[in-house]
There are 2 protein chains.
Amino acid sequence: MSEVRVLIADDQKVVRDGLATLLDLLDGITVVGTAHDGDDAVRQALTLDPDIVLMDLHMPNCSGVEATEQLAAAGARCRVVVLTTYSDDDWVFAALRAGARGFLTKDSSAEEIRTALITVSRGDAQLDPTVQRRLLEALSRSGASPELPVSIPDNLTPREVAVLRLIAAGRSNSEIADELYVSDATVKTHVNHVLAKTAARDRAQLVAYAFRHGLATP
Amino acid sequence: MSEVRVLIADDQKVVRDGLATLLDLLDGITVVGTAHDGDDAVRQALTLDPDIVLMDLHMPNCSGVEATEQLAAAGARCRVVVLTTYSDDDWVFAALRAGARGFLTKDSSAEEIRTALITVSRGDAQLDPTVQRRLLEALSRSGASPELPVSIPDNLTPREVAVLRLIAAGRSNSEIADELYVSDATVKTHVNHVLAKTAARDRAQLVAYAFRHGLATP
DNA sequence: CGCGCTCTCCACCTCAGGGTTGACTTTGAT
DNA sequence: ATCAAAGTCAACCCTGAGGTGGAGAGCGCG
């Protein structure tokens with residue numbers, strides 16, 4: 001895997017330079033620049049095109065949250081990882097809603113930072129455990145099921161819908177068989193029925209069908 | 001720090017016993033029992049009073065989700081960590097809403113499992129990075145930002161993106177070849193590159209990937 | 001009761017899709 | 001001028017997916 005290119009944004013010079021030195025020594029990480037406030041971070045991110053902006057939240061002129069919003073608005077390719085002092089900061093959720101994909105506290109070890117940067121550069125997310133807990137609590141409180149009312153489409157039987165969902169989740173026939181506790185042959189039968197009913201030609205078209213009918217969530 | 005007492009619930013005996021042996025060797029972890037389905041897990045959790053129940057999602061009789069709900073309803077002290085094969089399972093959110101505090105996939109290392117168990121036993125949460133990302137996406141969707149910045153994903157070249165879009169549109173390789181005025185061989189090359197870069201296994205997974213990255217619209 | 005629907009399973013066949021390797025050209029950056 | 005990346009194409013192999021046809025079990029309904 002190639003190096004992860006990181007831009008560091010922090011208003012305190014010692015922190016900035018310390019981090020730059022520390023991270024540059026890590027395997028798989030290259031520091032491509034540093035910024036001293038939010039405006040500077042946005043400007044440099046757009047010119048340097050880093051993979052990750054490692055962003056402090058509290059900065060003069062333009063906070064890390066605002067900078068994150070501006071980067072998203074500008075359609076920048078880079079992903080934002082927040083690095084701040086406290087995990088119970090009021091701005092945590094604001095930063096996450098603005099599009100931050102990572103959240104670290106300043107007592108993280110270099111190794112933890114490295115792991116987070118690589119995880120986020122792969123497209124996943126890496127948050128401080130306390131923040132993860134707060135996210136879960138928010139999920140439970142809101143009760144907000146991110147799932148929409150699903151119209152069970154066409155003449156699909158419940159079993160066929162189950163198979164279709166698993167196809168949309170990228171499963172192979174044999175994996176579906178394992179999960180539903182039936183034989184491969186049965187799965188193939190269901191798949192053929194679903195193909196016929198939905199007028200799809202192959203499972204790739206079935207995946208698209210599933211997304212269009214809310215059986216899978218983007 | 002004292003030992004974290006763990007109950008393991010999995011319907012496959014080999015997995016169950018393997019995990020028990022593996023985890024018992026880890027520093028700070030003690031396996032206090034195993035269960036073969038959801039009912040069994042609830043029953044044993046209430047008598048053994050473990051710190052953590054390490055729970056598979058897919059189990060006969062009573063799924064991991066149901067078991068998690070029942071433990072919460074019974075006011076059990078223990079916390080639930082889900083350990084399952086796929087991070088994009090439909091039941092992930094259901095499990096988290098039911099109260100699961102951890103989420104691991106079965107290709108985690110022993111060390112990762114140990115870290116998660118200890119983190120969760122401290123009261124925090126530890127989720128698979130892919131699940132964290134999905135949580136963030138749910139947060140964004142439920143919140144304000146209606147438009148997701150069409151991030152041109154991973155390292156895909158323009159040509160590869162074009163091929164990916166056509167795959168998501170349900171085209172076969174030869175149809176794509178016709179539309180792009182190139183040979184079938186060329187299309188296959190591009191497809192293989194896209195598969196490698198996106199870590200997808202087949203075109204069905206590519207379709208899902210395309211929808212998740214805004215390259216195709218529901 | 002017979003009828004239809006659903007779910008389960010088997011056997012056989014074909015082929016598009018995917019893996020691998022290698023080669024040639026163009027383009028742009030150093 | 002050299003190097004790397006992107007795009008184009010070809011030949012090979014192999015597996016999973018999809019097509020066809022059939023069969024038995026359980027269920028609800030007129």
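Keep in mind the model is a prediction, meaning the values are calculated, not measured.
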I need the CG-P distance between Leu195(A) and dC15(C), as an integer number of Å. 18 Å
Taking only side-chain N and O atoms of Arg201(B), does any of them lie within less than 4.0 angstrom of OP1 or OP2 on dG18(C)? no
Looking at Asn173(A), does any N or O in its side chain come under 4.0 Å of the phosphate oxygens OP1/OP2 on dG16(D)? no
Return the value, rounded to whole Å, for the distance between atom NZ of Lys188(B) and atom C1' of dG7(D). 17 Å
Could you tell me the separation between the CZ atom of Arg159(B) and the P atom of dT26(C), rounded to a whole number of Å? 16 Å
Roughly, in whole Å, what's the span from CG in Leu180(B) to C1' in dG7(D)? 12 Å
For the atom pair CG (Asp124(A)) and CG (Leu127(B)), what is the distance rounded to the nearest 0.5 Å? 12.0 Å
Compare side-chain N and O positions of Ser183(B) against OP1 and OP2 of dC9(D) and report whether any pair is under 4.0 Å apart. yes
My understanding is that only residues two or more places apart in sequence, or in another chain, count here; which of them pass side chain to side chain contact (heavy atoms under 4.5 Å, CB included) with Asp24(B)? Thr30(B), Val31(B)
Between Asn192(B) and dG19(C), is there a contact of a side-chain N or O with OP1 or OP2 at under 4.0 Å? yes
How many Å lie between CZ on Arg171(A) and P on dA17(D), as a whole number? 13 Å
Is the shortest distance from a Lys or Arg side-chain nitrogen in Asp56(A) or Lys106(A) to a carboxylate oxygen in the other one below 4.0 Å? yes
Under 4.0 Å between a side-chain N/O of His190(B) and OP1 or OP2 of dC9(D), yes or no? no
Check the distance between dA6(D)'s P and Glu160(B)'s CD and give it to me in whole angstrom. 7 Å
Phosphate OP1/OP2 of dC9(D): any Thr186(B) side-chain N/O under 4.0 Å: yes
Pairwise side-chain contact, Leu71(B) with Met55(B), heavy-atom cut-off 4.5 Å (strictly under): yes
So if I take every side-chain heavy atom of Ala185(A) and compare against dG19(D), dT6(C), dC10(C), which nucleotide ends up nearest? dC10(C)
Of Asp202(B) and Thr189(B), whose closest DNA chain D nucleotide lies nearer the 5' terminus? Thr189(B)
Rounded off to whole Å, could you give me the NE2-to-P distance for the His193(A) and dG18(D) pair? 14 Å
Indicate whether OP1 or OP2 belonging to dA16(C) is found under 4.0 Å from a side-chain N or O atom of Ser174(B). no
Check the distance between dA16(C)'s P and Arg203(A)'s CZ and give it to me in whole angstrom. 17 Å
Please tell me if the side chains of Gln205(A) and Asp202(A) come closer than 4.5 Å, counting only heavy atoms from C-beta onward. yes
